[in-house]
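Down below is the structure, laid out as structure tokens.
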Amino acid sequence: MKKTMKTLRSHLSYANVASTLALLLALGMGSAYAANQLAPKSVGERQLRPGAVTADKLRKHAVTAPKLKAGAVKQGKIANGAVSGPKIANGAVSAEKLPNGVITSEKIADGSVTGAKVEEASLSRVPSAASADFATSAGSANPEAFARVSEEGAVFPGDSKGITSAQVTLGAPGVYCIAVPFAAKGGQVTPEFLAAGDVSAFLDLGANSCPVPRAEVRLYGGATLQKGPFYVVFYR
């Protein structure tokens, strides 16, 4: 043992000691550097413990859209009010994506639903539609009473309803009084076609020369009263 130590001391020198210390320092520092500096791409998914990457470890805007796989963000992960109108692309929300009853009347802008979008069979009858606009001729396709009247005031039963010859009186030539069996709110008279002459007809349900409550029909040939056949209809 003494001989070994003596032999070792005989080989020690300042240079040997200095080089040995330098080597030890280099190895120690290299190990520390290696522990703090990881090689590029050396840490993958398998090196990360579950839950190792928390929300506060992510810098703002670090997770962009291309980093999210399809279906990764579910409904429960979206905060209330997080998706606003400007965030929704045109056409992104289709009819299949809307549950039944989600669009109520207050959600529909005025004038946004046109006639072409309305199913007519779903509409109920408009109140009082049956009695609207009776003043002239368009009130109803089924008038309450009508008659075909000859120039002498005779009624043709096969072409009439609710009016008989007994209800028609010929006054002055071209003036016919008709006893309507109800308070008519509207009506129309049309001259029957004649081979010659320009005939016009007028119906008066108000104040006229006929006894109340009769309607008055006047037929004119030009500007002159004249007899002639006509058709007349009355609306309740």
Side-chain angles (χ1 to χ4, degrees), residues 22 24-146 182-190 203 205-206 233-236:
L24 291 174
L25 288 172
L27 290 174
M29 291 180 66
S31 300
Y33 178 83
N36 291 307
Q37 299 294 325
L38 299 174
K41 300 182 180 180
S42 63
V43 178
E45 294 182 16
R46 292 190 298 175
Q47 277 71 38
L48 295 174
R49 295 188 312 237
V53 181
T54 57
D56 54 351
K57 298 297 184 181
L58 298 173
R59 70 173 184 272
K60 291 184 178 180
H61 310 302
V63 180
T64 57
K67 302 296 186 181
L68 299 173
K69 67 180 180 180
V73 180
K74 302 185 182 299
Q75 182 177 355
K77 301 296 184 180
I78 302 175
N80 293 335
V83 181
S84 57
K87 302 296 185 181
I88 302 176
N90 292 336
V93 181
S94 59
E96 301 81 37
K97 301 295 184 181
L98 299 173
N100 294 335
V102 71
I103 299 181
T104 56
S105 58
E106 59 269 15
K107 301 293 184 182
I108 302 175
D110 293 341
S112 61
V113 180
T114 60
K117 300 296 185 181
V118 178
E119 183 181 353
E120 294 183 10
S122 67
L123 301 176
S124 59
R125 189 177 185 182
V126 178
S128 301
S131 59
D133 298 328
F134 281 151
T136 56
S137 62
S140 172
N142 297 305
E144 188 73 16
F146 56 89
F182 55 86
K185 294 183 179 179
Q188 182 179 10
V189 62
T190 305
L203 174 65
L205 296 176
V233 296
F234 298 98
Y235 302 101
R236 187 182 292 276

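For the single chain, residues carry numbers from 1 onward in sequence order. The structure displayed is predicted, hence computed values, not measured ones.
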Do any side-chain atoms of residues 61-68 form donor-acceptor pairs under 3.5 angstrom with protein atoms, and if so which ones, sequence neighbours left out?
none

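Shortest non-hydrogen contact noted between L205 and A184 is CD1-O, 4.0 Å. Of all heavy-atom pairs spanning F182 and F234, the tightest one is CZ-CB, 3.9 Å. Minimum interatomic distance between L58 and V53 (heavy atoms only, all atoms of both residues): CD2-CG1, 3.9 Å.
With sequence neighbours left out, K107 forms a side chain to side chain contact (heavy atoms under 4.5 Å, CB included) with I103, T104. Here K60 pairs with nothing under the side chain to side chain contact (heavy atoms under 4.5 Å, CB included) rule; sequence neighbours left out. K87 pairs by the side chain to side chain contact (heavy atoms under 4.5 Å, CB included) definition with V83, S84, not counting sequence neighbours. Judged as a side chain to side chain contact (heavy atoms under 4.5 Å, CB included), and not counting sequence neighbours, the contacts of K57 are T54.
For D56, the CG atom is densely surrounded, since the number of other residues' heavy atoms within 6.0 Å is greater than 12.
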